[in-house]
Amino acid sequence: MPPNDRIAEGERLLVICNSCRYCEGYCAVFPAMEQRLSFTPADVRYLANLCHNCAECYYACQFAPPHEFAVNVPQVFAEIRAESYKQYAWPAYVRVSGWLAATLGLVVMFLLAGSREALNANFYGIISHETMVAVFSVISGYIAMVYAMGVRRFWKESGERLPGVSAWMQAARDVFTMKNLSSSGAGCTYPDEEHSQSRRVFHHFTFYGFLLCLASTTVAAIYHFAGSVAPHPYFSAPVILGTLGGIGLLIGPVGLYALKRRRDPAIVDAQQDGTDVSFLVLLFLTSLTGLLLLALRESAAMGALLRVHLGVVLGLFLTLPYGKFVHGIYRSAALLRSAYEMARSKH
Amino acid sequence: MDGEAPAARNATFLSMAGVCQRLWDNAPLLLSSKFAWPPLFRGFAPPPAPSGVLRYGGVIGVPSLDRIRLVEETRIQSDVVVIGGGNAALCAALTARDAGRSVTVLECAPIEYRGGNSRHTRNMRCMHSAPTDVLTDAYPEDEYYADLLRVTEGLTTEHLARLVIRESPNANQWMKNQGARFQPSLGGTLHLGRTNAFFLGGGKALMNTYYQAAKKRGIQVLYNAEVTDVDIRDGRFHSGQMLLEGKPTEFRAKALVVASGGFESNLEWLEEAWGEAARNFIIRGTPYNKGKLLRLLLDNGAESVADPKQCHAVAIDGRAPKFDGGIVTRLDCVPLGIVVNKFGERFYDEGEDLWPKRYAIWGRLVAQQPDQIAYSIIDSKAMGRFMPSVFPPITANTIGELASALGLPAATVENTVKAYNATVRPGSFDHQILDDCHTEGLTPPKSHWAQAINKPPYYGYPLRPGITFTYLGVRVNEKAEVRMNGIGSSPNIFAAGEIMAGNIVGKGYLAGLGMTIGSVFGRIAGKEAARAAK
Ligand SMILES: Cc1cc2nc3c(=O)[nH]c(=O)nc-3n(C[C@H](O)[C@H](O)[C@H](O)COP(=O)(O)OP(=O)(O)OC[C@H]3O[C@@H](n4cnc5c(N)ncnc54)[C@H](O)[C@@H]3O)c2cc1C
Ligand code: HEM
Ligand code: HEM
Ligand code: SF4
Ligand code: SF4
């Protein structure tokens with residue numbers, strides 16, 4: 001359906017839900033909805049991004065299809081989210097195929113490394129530190145800018161001012177606990193109608209795994225400038241952080257993928273499966289190649305593994321600005337807005 | 001086979017080879033349930049067998065080997081059969097199963113619409129002496145009973161009503177033990193946080209919880225199982241007939257629980273009671289409560305209770321679907337404006353009483369108007385003061401235009417509004433209390449919340465009577481045993497829920513009472529049926 005139809009459909013559902021409100025205890029979407037009598041397209045996009053696709057309100061809905069009201073909030077909101085990502089994207093949305101990005105990343109890294117060989121975990125003998133920094137700062141800078149502009153658009157559309165500290169704290173709590181995937185402790189109805197914490201737990205593995213890997217890279221960069229150059233000992237901060245994160249990024253994506261294969265097709269937007277799966281695969285491969293590199297860094301395979309690891313990382317980074325990762329950005333922004341609104345409505 | 005379910009002892013016409021074949025067919029399911037994954041990893045268990053595999057004529061229910069019930073192609077057999085698939089039915093089924101009986105639930109709806117009217121509900125009314133996690137303050141037995149006496153004007157059965165009230169906290173706790181979740185009392189909606197416990201996600205979420213519990217405990221649930229006949233002799237149930245997926249099928253049980261709702265979705269029966277006016281009624285809930293079992297029981301000598309015309313009915317948006325429109329079609333703007341009939345004239349005091357009482361009388365009032373239709377008219381001041389309705393209001397900038405858009409005689413409506421506006425006395429408006437805004441010298445008067453309708457745009461909503469559920473039922477005793485004319489209590493027929501709610505509410509209604517009656521009597525019926533099926 002063309003974009004406006006999805007927004008109109010979202011609005012239609014919100015009007016039904018707002019006169020029902022049975023689901024108000026499930027997540028942040030319903031309390032935010034209840035603050036409104038009517039819904040602008042911006043409201044619909046905001047509420048769709050606030051939705052965590054936990055599916056509680058679908059199974060609990062007496063008006064779910066085949067009922068003529070055909071209320072299916074998680075699916076319609078998933079479709080609206082996908083559209084909203086394109087709308088918020090800056091300067092313009094570009095569809096990046098994960099496979100293409102990974103191939104491109106590998107090609108770039110193999111070209112940059114050329115035919116150099118090195119031993120004893122001498123990473124910079126393969127690709128110089130300057131080259132690594134140059135490549136990854138350029139792409140990271142671009143990603144940061146795209147996100148900043150996207151969030152700016154999201155926020156501008158809300159017409160809100162910048163919230164105070166307490167709203168940020170609340171939003172951070174909601175993100176770090178993934179509260180809206182827990183349905184007050186019972187776990188969400190995913191992959192099927194029965195409650196389970198599995199999605200939240202595997203998301204935690206993925207999310208914290210990713211954060212730990214970023215922390216590892218950051219610490220390694222600091223070490224570098226402090227004069228302690230890679231390879232770091234196995235019991236150094238960068239390697240410990242990276243290893244823990246790497247394990248999370250093996251378990252998390254595999255778990256999420258397994259759940260995805262069993263999930264009820266009624267509650268998701270199957271169109272996004274391609275993007276979702278390629279993201280899962282890239283996360284998994286990044287971690288796998290990193291861990292292999294760590295394990296075999298003293299061996300002759302180091303050169304090849306470094307090329308592959310950096311290639312996959314570059315591929316992952318190329319998908320970040322417009323791929324699945326943006327869900328975390330806009331969901332966080334929506335949680336912030338919701339925390340802000342709720343704090344205000346209590347006064 | 002030790003501990004085998006009694007049903008397995010019953011005659012089966014399956015050859016051993018057939019049994020083996022069926023076991024083999026169901027092997028994946030046997031394995032998956034036998035070696036259940038811990039909850040966290042449930043996502044990895046193999047997908048459930050297609051629902052077609054385990055219908056009837058095979059190995060049914062929990063496929064653990066010592067509890068398999070073997071059933072012949074056209075007969076269902078169980079210690080206890082429960083007719084219905086709503087709150088009362090599932091409370092009975094789970095209770096009887098916990099007492100060790102084999103239980104079969106016959107639900108005439110398909111799986112998507114299982115749960116009858118119960119899937120439309122939001123809360124239940126509970127007695128409590130101190131604040132709980134889901135209720136504020138206290139709601140003692142005597143206050144509860146006094147409320148009931150007031151709305152029913154005495155049309156209740158005291159010992160049964162007190163039984164429901166006293167058992168309500170236990171029922172609530174039992175529901176929680178089944179996995180039912182309630183909203184925390186703080187998030188309370190409306191003014192009911194003290195008396196009513198709200199189901200998290202509403203009644204359908206509650207039904208899902210029950211059905212999951214039923215599955216885990218090996219209760220056999222048959223959907224598309226419409227009971228069409230029962231063989232009752234001398235007050236005792238022997239067997240019954242149903243259409244199972246359209247196929248005539250017999251069922252037998254040592255005890256029968258009837259929890260199949262009222263007759264609210266039986267349009268012919270409604271017309272019998274109400275005359276032609278019933279054609280314009282809208283049925284707010286399930287289309288499956290056609291009162292088949294009610295009629296069968298009455299025809300087989302069950303004592304009846306309550307008047308066929310008595311029911312819970314409210315005024316709802318006239319654009320609602322004929323069935324199953326549920327909660328979202330309710331309109332709560334009546335006291336904020338005026339209500340006119342199809343001639344454009346007022347007919348009742350819109351400001352007579354507070355919610356929920358006024359909510360419950362308007363269904364009846366509209367039913368008494370010509371063509372069973374009325375129109376609520378409000379102005380911009382009222383917007384935002386009532387729960388939004390699912391249908392947009394009809395909007396216009398003058399009263400005349402609004403009347404035409406609603407299909408009403410414009411001149412009369414203009415006069416009605418003018419006459420009303422002229423008699424409104426100044427006061428301080430507060431729609432939360434019985435305020436002092438009223439009319440003077442108007443007939444009928446508007447005794448509260450009367451404000452001039454003068455701020456455009458103006459809004460109109462069509463109103464129709466919406467039937468929630470009917471009260472005519474079978475008389476029961478405190479053991480949920482159905483009373484049979486000239487015999488006394490039936491030894492093995494029990495009733496719970498709407499089908500016997502008339503014992504407690506013969507008239508009027510208290511919000512949340514329907515689910516409380518169903519939960520309390522459902523559990524009693526389950527317990528007593530288990531005893532009778534020993
Ligand atoms: C919109 C709406 C909102 C409501 N809100 C509330 C509320 O908030 N709180 C409250 O307490 N009450 C509420 N009620 C009333 C409440 O729904 C009923 O009182 C209660 O659900 C009755 O439960 P029950 O199990 O007796 O009937 P039901 O839940 O209606 O179950 C009857 C079952 O019997 C089945 N059945 C019927 N005929 C046959 C047959 N021949 N063979 C096999 N199966 C059959 C039906 O399919 C159905 O599953 C509401 C009702 C409606 C319509
Ligand atoms: C910014 C670009 C990156 C560079 C230059 C880089 C480089 C490296 C290097 C050199 C190693 C080997 C460390 C050692 O053996 O001591 C490594 C390991 C690893 N990398 Fe990366 N990496 C980057 C980004 C990432 C990202 C984004 C992830 C995950 C999302 C990741 C996951 C891992 C893991 C799990 C390991 C193994 C554990 C460890 O040694 O820390 N890397 N990486
Ligand atoms: C920052 C805040 C974040 C929030 C609020 C958030 C929330 C969610 C939610 C609710 C889902 C399930 C619904 C959906 O697929 O859209 C999800 C899916 C997912 N998230 Fe996050 N996320 C965040 C960050 C991250 C991060 C940092 C990663 C890892 C890099 C990540 C990885 C994933 C993956 C891989 C999926 C897809 C799972 C699938 O396909 O089924 N998320 N996230
Ligand atoms: S999802 Fe359904 S049950 Fe939940 S609030 Fe919306 S309409 Fe009501
Ligand atoms: S799917 Fe879950 S998070 Fe989304 S609106 Fe429904 S209950 Fe809320």
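In what follows, every chain begins at residue 1, and chains take the letters A, B, ... in the order their sequences are listed.
Heavy atoms closer than 4.5 Å to chain B are found nowhere in A:F30, neither backbone nor side chain. For A:C61, the part lying near chain B is the backbone, with the side chain staying farther off; criterion is any non-hydrogen pair under 4.5 Å. Looking at B:T121, only its backbone comes within 4.5 Å of chain A, counting heavy atoms on both sides.
One distance of note links CG of B:D317 with OG of A:S19; it measures 10.0 Å at 0.5 Å rounding. Between atom SG of residue A:C20 and atom CE of residue B:M387 there is a gap of 8.0 Å, rounded to the nearest 0.5 Å. Atom OH of A:Y26 is separated from atom CZ of B:R181 by 6.0 Å, given to the nearest 0.5 angstrom. Of the inter-residue distances, the one linking B:Q212 atom CD with A:D192 atom CG reads 8.0 Å to the nearest 0.5 angstrom. One distance of note links OG1 of B:T209 with NE2 of A:H195; it measures 7.0 Å at 0.5 Å rounding. For the atom pair B:K204 NZ and A:C57 SG, the distance stands at 11.0 Å (nearest 0.5 Å).
Residue-environment remark: CD (A:Q271) stays at or below the threshold of 12 foreign heavy atoms within 6.0 Å. Counting heavy atoms of neighbouring residues, nucleotides and ligands inside a 6.0 Å radius, atom CZ of A:R36 exceeds 12 of them. No more than 12 heavy atoms of other residues, nucleotides or ligands lie within 6.0 Å of OH in A:Y257, so this atom counts as exposed by the packing criterion.
By the salt bridge (Lys or Arg N to Asp or Glu O under 4.0 Å) test, A:D269 pairs with no residue at all, sequence neighbours left out. Qualifying salt bridge (Lys or Arg N to Asp or Glu O under 4.0 Å) partners for B:R114, counting only residues two or more places apart in sequence or in other chains: A:E193. Under the rule for a ring-ring contact (aromatic ring centres under 6.0 Å, His included), the partners of A:Y208 that lie at least two apart in sequence or sit in another chain are A:H204.
Options A:R261, A:H67, A:E68, A:R12 differ in how many heavy-atom pairs under 4.5 Å they form with chain B, and the most are formed by A:H67. Options A:G187, A:A186, A:C23 differ in how many heavy-atom pairs under 4.5 Å they form with chain B, and the most are formed by A:A186. Of all the listed residues (B:G326, B:P321, B:P110, B:G384), the one sharing the greatest number of non-hydrogen pairs under 4.5 Å with chain A is B:P321.
Interface residues of residues 178-185 of chain A toward chain B, defined by a heavy-atom distance below 4.5 Å and sorted by number: A:S183, A:S184.
A salt bridge between A:E24 and B:R122 is absent, with no side-chain N of the basic residue lying under 4.0 Å from a carboxylate O of the acidic one.
Under a 3.5 Å cut-off, the side chain of B:R119 and the backbone N or O of A:A60 do not form any donor-acceptor pair. Looking at A:Y22, its side chain never comes within 3.5 Å of a backbone N or O of B:I327 through a donor-acceptor pair. Using a distance-only test at 3.5 Å, with no hydrogens or angles considered, no donor-acceptor pair links the side chain of B:Y113 to the main chain of A:Q62.
Of all heavy-atom pairs spanning B:V328 and A:I16, the tightest one is CG1-O, 3.5 Å.
Using a 4.5 Å cut-off on side-chain heavy atoms (C-beta onward), A:R21 and B:P388 make contact. The side-chain heavy atoms of A:E194 and B:K216, taken from C-beta on, include a pair separated by under 4.5 Å.
Classification of the B:F391-A:F69 ring pair by plane angle, with boundaries at 30° and 60°, yields perpendicular.
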